[in-house]
Number of protein chains: 2
Amino acid sequence: MSLVPLWDSDIGSSTDNLPEIFSGFSPSEITRVMRCLGVRRRAFSPGEILAREGDISHAVVLLLQGTALVRRGDAEGNRHLIEVITASDVFGEEILWDPARRCQHTATATEQGVALMIDMQKILDPQGPLCELRSRVVENLLRIMGAKNRKLQEHLQVLAHKSLRARLLEFFTQHAAANQSTIFTLRLNRNELAEHLNADRAALSRELSRMKAEGLIDYHRNSFQLLR
Amino acid sequence: MSLVPLWDSDIGSSTDNLPEIFSGFSPSEITRVMRCLGVRRRAFSPGEILAREGDISHAVVLLLQGTALVRRGDAEGNRHLIEVITASDVFGEEILWDPARRCQHTATATEQGVALMIDMQKILDPQGPLCELRSRVVENLLRIMGAKNRKLQEHLQVLAHKSLRARLLEFFTQHAAANQSTIFTLRLNRNELAEHLNADRAALSRELSRMKAEGLIDYHRNSFQLLR
DNA sequence: GAAGGGGTGTTGCCGTGGCAACGGACAAGC
DNA sequence: GCTTGTCCGTTGCCACGGCAACACCCCTTC
């Protein structure tokens, strides 16, 4: 695990996929903000855990590269896959509003990548030692939260269906809409998809087969096509 | 339906349950912000619909008094109860990040009350004609979005359980934690609770009976107690 | 008191889907 | 070649819960 102050690194140079939280900032402004916030950079490998449910942390995770799965478990040991986060996504923002600063989810990397760990305390505290760029960070954070909440709404919309087939169709429709195409490839394997849809893997396979037989969808491995 | 400019009314005087979005504002500042934003006041009666799924609107709804149920339906006509909003809650903030400004939910009043309809366009537009109080409104809005985020996460946590009993126990546990007591009264009737838990009303009644028989809970009508 | 209506409890039927077990496909390593 | 591991498909069993129908309670209205 590499964890170094960010301003020693060269993130400011790759402004192509500038994370949303620095949207509208010049490279020099980014450097200033990161100094103020004490942003740290962390490289990770597949399988590595970026944050664990129950951890106490003051840092929000911002993915620059790579992919991670966000999960939450319950007392009985069931796991539920909340979402897939990729470059420029935010994770763990809920600690900002939790007095105990307790992380509610576990994020596991599936691809090698880099993340920023941002101590958000200073952002929410108006009296904090943050430079005058604070209000612009807050504004970007607001947009991020808006996007995050929409993701949650979409997931809720999936889980609100009673039958597995309906949940699948809802999920596929959302994906097709996001990709602007009825053909898409999932990052999730069957186990993970089942976790996300709150279903059993075997039942998921069975239902996919039925839907293919009925001509609703076509698929091979992780490539899917929505027909009809 | 009464819909008048707000600064003709006397909302500024009742600063007791000041809505979060005006948190930290003095009465005169509130008046100024409301002028800038063109806030409108709307009184409503039980059964009245505050906003309908699919509507195009630029206004976010802010409840001052009363209660409303937030629902979302699907193509097959199934309805799902997302949440209960009460005084100082916000509804419909998702339109802020939807380019089509399309409302995703339906809000139905269950008690007589008053709401503010706030045109939020000017808040997100940094070039807009909004006074210098804008950044403080954005900041409050961020906290509101954080609270909303947690509500969504809690609902997801409920729906992530496979069995109806587990969903019920999760829901009850959340309520008990929020009320700081294992005894609480629900605002929802059986139909609405079933909608919220993604279950059938009859199955819900059956499971509640079983849980009472097994000594897990006790209840009469809408008064519940979590035992064990 | 009678009638009506909304909310709730109950019960029989049966389908969706959870669970467990197994087999096949494919890749990596020896 | 063989082995091991991972992922996916399939199938039998059966329980949870959706659905429909009916009964009961409580309240309002006439």
Side-chain angles (χ1 to χ4, degrees), chain A residues 46-47 69 73-74 76-81 84 108 110-111 158-171 185-214 216-225, chain B residues 46-47 67 69 73-74 76-81 84 108 110-111 158-172 185-214 216-225:
Chain A
L69 300 182
D74 61 22
E76 290 89 44
N78 304 316
R79 293 195 311 175
H80 190 69
L81 184 80
V84 184
T108 313
T110 55
E111 295 173 9
V158 169
L159 295 188
H161 290 279
K162 288 200 176 63
S163 76
L164 177 51
R165 171 172 298 198
R167 292 202 293 279
L168 265 168
L169 285 175
E170 180 76 37
F171 180 76
T185 303
L186 295 186
R187 300 171 167 282
L188 306 174
N189 63 29
R190 292 289 183 278
N191 257 316
E192 292 161 349
L193 181 56
E195 247 185 77
H196 187 63
L197 299 179
N198 199 18
D200 177 70
R201 183 194 61 81
L204 171 60
S205 273
R206 177 169 48 199
E207 191 58 39
L208 284 173
S209 295
R210 280 202 278 249
M211 290 168 73
K212 187 198 267 190
E214 294 177 30
L216 286 174
I217 61 171
D218 194 16
Y219 66 94
H220 178 71
R221 300 273 168 180
N222 283 353
S223 302
F224 289 84
Q225 179 173 16
Chain B
T67 312
L69 300 182
D74 61 23
E76 291 89 44
N78 302 317
R79 292 195 312 174
H80 189 70
L81 184 73
V84 184
T108 313
T110 55
E111 295 173 9
V158 168
L159 294 189
H161 291 279
K162 289 201 175 62
S163 76
L164 177 50
R165 171 171 299 198
R167 293 202 294 278
L168 265 168
L169 285 175
E170 179 76 38
F171 180 76
F172 285 159
T185 302
L186 295 185
R187 300 171 167 282
L188 305 175
N189 63 30
R190 291 290 182 277
N191 257 316
E192 292 160 348
L193 181 55
E195 247 184 77
H196 187 64
L197 299 179
N198 198 19
D200 176 71
R201 184 195 62 80
L204 172 60
S205 272
R206 177 169 47 196
E207 191 59 40
L208 284 174
S209 294
R210 282 202 278 247
M211 290 169 73
K212 187 197 271 190
E214 295 177 29
L216 286 175
I217 60 172
D218 194 17
Y219 65 93
H220 179 70
R221 300 274 168 181
N222 283 353
S223 302
F224 290 84
Q225 180 172 15

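A, B, ... follow the sequence lines: proteins, then strands. Residue 1 opens every chain.
- With sequence neighbours excluded, no residue forms a side chain to side chain donor-acceptor pair (under 3.5 Å) with B/Q225.
- For A/Y219, the ring pair (Phe, Tyr, Trp, His ring centres under 6.0 Å) test picks out A/F224, with sequence neighbours left out.
- A 4.0 Å heavy-atom criterion places the boundary nucleotides of DNA chain D facing chain B at D/dG17 to D/dC26, written 5' to 3'.
- Looking at residues two or more places apart in sequence or on another chain, you find a side chain to side chain contact (heavy atoms under 4.5 Å, CB included) between B/T185 and B/N222, B/S223.
- Residues that satisfy the salt bridge (charged side-chain N to carboxylate O under 4.0 Å, His left out) test with A/E207, not counting sequence neighbours, are A/R165, A/R210.
- In this view, A/E195 and A/R71, A/R79 satisfy the salt bridge (charged side-chain N to carboxylate O under 4.0 Å, His left out) rule, not counting sequence neighbours.
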Let me check something: any side-chain donor-acceptor pairs from residues 199-206 of chain A under 3.5 Å, sequence neighbours excluded? List them with distances.
{"from": "A/D200", "atom 1": "OD2", "to": "A/A202", "atom 2": "N", "distance (Å)": "3.1"}
{"from": "A/D200", "atom 1": "OD2", "to": "A/A203", "atom 2": "N", "distance (Å)": "3.2"}

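- Listed here is the closest heavy atom pair of B/D218 and B/K212: OD1-CE, 3.6 Å.
- In this structure, A/K162 atom NZ and C/dG17 atom P are separated by 12 Å, rounded to whole Å.
- Residues satisfying the ring pair (Phe, Tyr, Trp, His ring centres under 6.0 Å) criterion with A/H161, sequence neighbours excluded, are absent altogether.
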Distances for protein N/O vs nucleotides 6-13 of chain C N/O pairs under 3.5 angstrom?
{"from": "C/dT8", "atom 1": "OP2", "to": "B/R190", "atom 2": "N", "distance (Å)": "2.7"}
{"from": "C/dG9", "atom 1": "OP2", "to": "B/R190", "atom 2": "NE", "distance (Å)": "3.0"}
{"from": "C/dG9", "atom 1": "OP2", "to": "B/S205", "atom 2": "OG", "distance (Å)": "2.9"}
{"from": "C/dG9", "atom 1": "N7", "to": "B/R201", "atom 2": "NH1", "distance (Å)": "3.2"}
{"from": "C/dG9", "atom 1": "O6", "to": "B/R201", "atom 2": "NH2", "distance (Å)": "3.1"}
{"from": "C/dT10", "atom 1": "OP2", "to": "B/S209", "atom 2": "OG", "distance (Å)": "2.5"}
{"from": "C/dG12", "atom 1": "O6", "to": "B/R206", "atom 2": "NH1", "distance (Å)": "3.4"}

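- The nearest whole Å value for the distance from the CG atom in A/L197 to the P atom in C/dT16 is 18 Å.
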